[in-house]
> 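Just passing along the structure, written as structure tokens.
Order of the sequence lines fixes the chain letters, A, B, ..., with proteins taken first and strands second; residue numbering starts at 1 for each chain.
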There are 4 protein chains.
Amino acid sequence: MYQGKEMAGQTQNQGKSNERRQRRIERRRGEILTAAARVFARKSYANTTTREIADEADIAEGTLYNYFGGKREILLAIADESETLLEHVLLKGEGLQDREAVETLFEEGLNIFESRLPFIRTMFIEAWVDDDILRDFAIAQLGHFYRRLELYIIEHIDSGALRPVDPALCAQLALGMFGALVIPVLRGVAPLPAQDKRRELAKAVVDILFDGIRAREA
Amino acid sequence: MYQGKEMAGQTQNQGKSNERRQRRIERRRGEILTAAARVFARKSYANTTTREIADEADIAEGTLYNYFGGKREILLAIADESETLLEHVLLKGEGLQDREAVETLFEEGLNIFESRLPFIRTMFIEAWVDDDILRDFAIAQLGHFYRRLELYIIEHIDSGALRPVDPALCAQLALGMFGALVIPVLRGVAPLPAQDKRRELAKAVVDILFDGIRAREA
Amino acid sequence: MYQGKEMAGQTQNQGKSNERRQRRIERRRGEILTAAARVFARKSYANTTTREIADEADIAEGTLYNYFGGKREILLAIADESETLLEHVLLKGEGLQDREAVETLFEEGLNIFESRLPFIRTMFIEAWVDDDILRDFAIAQLGHFYRRLELYIIEHIDSGALRPVDPALCAQLALGMFGALVIPVLRGVAPLPAQDKRRELAKAVVDILFDGIRAREA
Amino acid sequence: MYQGKEMAGQTQNQGKSNERRQRRIERRRGEILTAAARVFARKSYANTTTREIADEADIAEGTLYNYFGGKREILLAIADESETLLEHVLLKGEGLQDREAVETLFEEGLNIFESRLPFIRTMFIEAWVDDDILRDFAIAQLGHFYRRLELYIIEHIDSGALRPVDPALCAQLALGMFGALVIPVLRGVAPLPAQDKRRELAKAVVDILFDGIRAREA
DNA sequence: AATGAATGAGATTTCATTCAT
DNA sequence: CATGAATGAAATCTCATTCAT
């Protein structure tokens with residue numbers, strides 16, 4: 001990651017102001033990243049000019065280069081930022097003991113998704129084209145999530161709560177179900193379900209995932 | 001759509017050679033589109049130069065403009081080409097009478113997907129960024145498919161074969177399941193299941209969709 | 001001037017058919033020049049494509065190159081064509097004996113101008129930019145005319161019919177008067193005076209030229 | 001018209017430096033326009049490349065686009081520049097009371113013409129081909145001049161100083177006389193009369209205009 | 001640090017000319 | 001000869017990056 005030009009010819013005797021300086025730099029970097037993610041989300045990385053990023057961040061174009069090595073590095077920094085994205089989700093569903101935990105996972109997934117929509121949209125679009133982003137975002141994030149799901153399934157098959165389905169396939173399909181909900185939102189062709197409808201939606205999804213759609217004989 | 005060079009001021013006495021000319025033009029247009037789709041699939045529309053398209057099609061850059069009005073028109077022509085894409089799938093599953101038909105649908109979906117991978121990948125990537133492509137491809141193609149699924153579900157709920165789930169949600173989730181299988185392939189991070197494994201895979205997916213993953217009490 | 005590819009490997013024993021061939025070639029050259037002059041007049045040489053010339057002449061682009069060495073040569077050929085343009089005018093006013101002859105000159109100038117408007121417009125536009133055209137057209141044509149006018153003035157000053165004005169200046173001004181009438185027409189911002197108004201107009205102009213605009217004391 | 005980079009998000013506390021910046025931008029725009037007019041005057045708009053303009057202005061090609069939206073906009077800006085061209089001439093002849101005023105008009109016309117030759121030549125050439133330029137330049141400028149002349153003639157016919165000639169025709173012819181003097185200069189085939197010969201020339205022209213060329217009986 | 005004008009490499013597009021049919 | 005598809009040089013324009021202020 002680009003470190004700015006810090007420490008260039010500075011005596012180290014000013015810890016205080018130096019800290020403040022560091023904070024200011026970090027703050028500014030964050031502002032730029034947020035601005036960039038907004039623009040990238042609207043127009044995609046390739047269709048965004050550094051000019052537009054600078055305008056959105058309300059700074060001069062040249063200033064970008066004091067904080068980042070170039071346009072691409074801004075993108076990569078965004079990818080880094082989102083690295084801890086799903087930690088929250090996983091924490092909320094910690095334990096994943098039962099059906100309710102899976103519902104919570106879905107619901108929290110929607111919540112976190114909403115709060116970071118521009119970031120996620122940017123990553124999602126670029127991951128199709130950019131191998132670094134694919135690695136940093138899709139594999140790191142989704143892969144983590146996927147492995148957790150798989151683990152959960154294996155455990156509950158062992159415990160007899162779930163049928164002996166293929167855990168890998170099953171985790172993949174469950175992710176696909178979540179994707180079916182959020183991809184239209186990412187693309188802007190569907191609104192995110194309202195906050196108070198999310199639990200209900202999560203229940204309906206988990207219901208289908210757990211019990212299937214076939215009618216049972218009485 | 002670009003119509004090629006219009007046939008202005010032609011005596012009509014050469015139907016034959018004129019036909020042949022038309023065929024030659026169509027063939028060449030097709031070659032360019034195939035080449036372009038390959039490159040777009042690799043690098044996305046925005047990251048592809050007309051130079052690269054021309055190289056891939058093994059023609060001079062200028063020649064592109066004898067067949068298409070510009071780079072964007074090539075993209076739109078690809079979108080048009082893929083318009084009848086899913087017709088085949090739907091035909092194969094015609095009737096969709098029972099569980100087996102849904103398996104066939106999944107399987108055929110994978111087959112058609114394989115045969116048109118560069119086209120589909122191109123469309124999929126661009127639909128994120130380009131509203132025309134979104135309309136022409138995603139909504140036209142997936143929407144069609146989606147409505148068919150929904151209809152099928154409604155019918156079978158009525159007939160008592162399926163539980164009274166929300167048909168719209170259910171169709172969406174089923175699409176998501178299919179997406180979970182093909183999206184990694186589209187992105188190139190997973191291989192397409194071998195031809196002779198596809199039926200098996202389709203069965204497993206449909207099994208989960210129909211019967212869920214929960215273990216039943218004896 | 002470009003001579004085509006004639007006489008290439010031909011025995012000379014077919015005078016007849018050879019003559020016919022020559023006539024056909026000349027005819028076709030003329031058609032192309034007329035067509036080209038029309039397009040040049042509309043869009044100027046630089047803004048006209050060989051495609052447009054070919055379309056206007058209703059032949060293929062490549063065919064142009066059987067008759068002319070290139071685009072520029074077509075322009076030069078047009079310039080040549082118009083070489084004999086003003087001969088007619090001068091003949092009509094032959095002698096230029098008196099005031100009436102000058103009127104005839106003006107009137108005939110308008111007539112010839114009308115009949116060759118695309119040629120003249122083309123030449124006029126290009127002469128501003130192209131030194132060859134300037135030489136072939138403006139200097140050859142206008143210069144000729146100018147010298148005749150000057151000669152006439154000198155003669156009539158000698159004979160006492162005209163005041164002892166500067167003949168060169170006077171010829172130049174008379175040309176300017178004619179220009180004032182036709183330049184707006186050339187540019188398409190004024191219509192050419194109707195045929196039956198031209199004599200009248202010529203009289204009015206010559207009246208001012210000869211008698212000035214100052215009122216005379218009684 | 002292109003406004004340069006808009007001043008977005010600027011704290012207003014730097015009126016000074018902002019003004020200086022504005023002036024620098026204006027100066028640079030002017031330099032580019034002058035350079036462009038020189039090249040256009042030599043080669044015409046259509047035959048001039050942005051490369052040549054940049055070279056003449058001694059800047060990089062890309063820099064042009066920091067000041068103008070494109071090549072055409074440079075042309076239009078030149079047209080705007082020359083908008084107030086003839087105001088000066090008209091002011092000098094203000095009143096136009098008598099024959100001497102008309103001489104002044106001619107003389108001043110030559111002076112202003114000399115000082116803005118590249119601009120005028122550019123406009124004159126393009127007006128033949130470009131309707132916007134025709135409107136902005138020829139009609140706005142010459143039209144203005146023409147109407148003033150006409151008015152003058154009408155007034156003096158009323159006052160009895162001039163014969164009852166057709167004022168419109170007469171104004172047109174007078175313009176043509178001026179054109180006869182300057183068009184060869186515009187084209188570069190004749191030098192502009194030396195400063196100290198201009199009054200004399202103007203007198204000679206006005207003499208012919210007012211008194212005609214016919215000898216009077218004693 | 002912040003600025004934003006300057007840069008130039010590279011992208012898209014046009015079009016006169018060639019040449020195989 | 002006629003054709004018109006192919007060509008590629010050259011034109012216009014964009015934009016990430018640099019650097020003097």
> Which whole-number value in Å describes the distance from C:F68 CZ to F:dC1 P?
14 Å

> If the condition is side chain to side chain donor-acceptor pair (under 3.5 Å), which residues does A:T48 pass it with, not counting sequence neighbours?
none

> Residues two or more places apart in sequence or in another chain: which of them pass salt bridge (Lys or Arg N to Asp or Glu O under 4.0 Å) with A:R28?
A:E31

> Would you sketch DNA chain E in dot-bracket for me? Only Watson-Crick or G-U wobble pairs with both distances under 3.5 Å count, crossing pairs as [ ], other-strand pairs as |, the rest as dots.
.||||||||||||||||||||

> Calculate the interatomic distance between B:R27 atom CZ and F:dA6 atom C1'; express it in whole Å.
15 Å

> Return the orientation label for the C:F124 and D:W128 ring planes: parallel under 30°, perpendicular over 60°, tilted otherwise.
tilted

> Suppose we call a contact any N or O donor and acceptor under 3.5 Å apart; does that hold for the side chain of D:N66 and the base of E:dA6?
yes

> Which residues pass the salt bridge (Lys or Arg N to Asp or Glu O under 4.0 Å) test with A:D132, not counting sequence neighbours?
A:R72, A:R135

> How many Å lie between CZ on D:R21 and C1' on E:dG4, as a whole number?
7 Å

> Please enumerate all residues that pass side chain to side chain donor-acceptor pair (under 3.5 Å) together with C:N47, with sequence neighbours excluded.
C:S44

> With a 4.5 Å heavy-atom cut-off, do B:F40 and B:I74 have their side chains touching?
yes

> Is there side-chain contact between C:I25 and C:Y67, with heavy atoms separated by less than 4.5 Å?
yes

> Starting at atom CZ of D:R29, determine the distance to atom C1' of E:dA6, rounded to an integer number of angstrom.
17 Å

> Partners of C:E56 by salt bridge (Lys or Arg N to Asp or Glu O under 4.0 Å), sequence neighbours excluded?
C:R38, C:R42

> Under 4.0 Å: is that the gap between some side-chain N or O of B:R24 and OP1 or OP2 of F:dG4?
no

> With a 4.0 Å cut-off on heavy atoms, is B:I59 in touch with a base, just the backbone sugar-phosphate, or nothing at all?
sugar-phosphate

> Report all interatomic pairs (protein N or O, nucleotide N or O of nucleotides 17-21 of chain E) with separations under 3.5 Å.
residue, atom, partner, partner atom, Å
E:dT17, OP2, C:Y65, OH, 3.0
E:dT17, OP2, C:K71, N, 2.9

> With heavy-atom distances below 4.5 Å as the criterion, would you say the side chains of C:I133 and C:L76 are in contact?
yes

> Nearest-Å distance, CD1 (A:I53) to C1' (F:dA16)?
10 Å

> Just how far, in rounded Å, is C1' of E:dA16 from CG of C:L75?
15 Å

> Among all residues two or more places apart in sequence or in another chain, which pass the side chain to side chain donor-acceptor pair (under 3.5 Å) test with B:T63?
none

> Nearest heavy atom decides the nucleotide; on that basis, is A:A60 or D:L64 closer to the 5' end of DNA chain E?
A:A60

> I need the CG-C1' distance between D:D58 and E:dT7, as an integer number of Å.
13 Å

> I'd like to check the side chain to side chain donor-acceptor pair (under 3.5 Å) partners of D:T49; sequence neighbours left out, ordered by chain and number.
D:E52

> Can you list, by residue number, the residues of residues 33-49 of chain C that have a non-hydrogen atom closer than 4.0 angstrom to DNA chain E?
C:T48, C:T49

> Contact between C:L75 and C:M123 at the side-chain level, heavy atoms closer than 4.5 Å - yes or no?
yes

> Report yes if at least one side-chain N or O of A:R28 is closer than 4.0 Å to OP1 or OP2 of E:dA1; otherwise report no.
no

> Take atom CZ of B:R23 and atom C1' of F:dG4, then tell me their distance rounded to the nearest Å.
18 Å

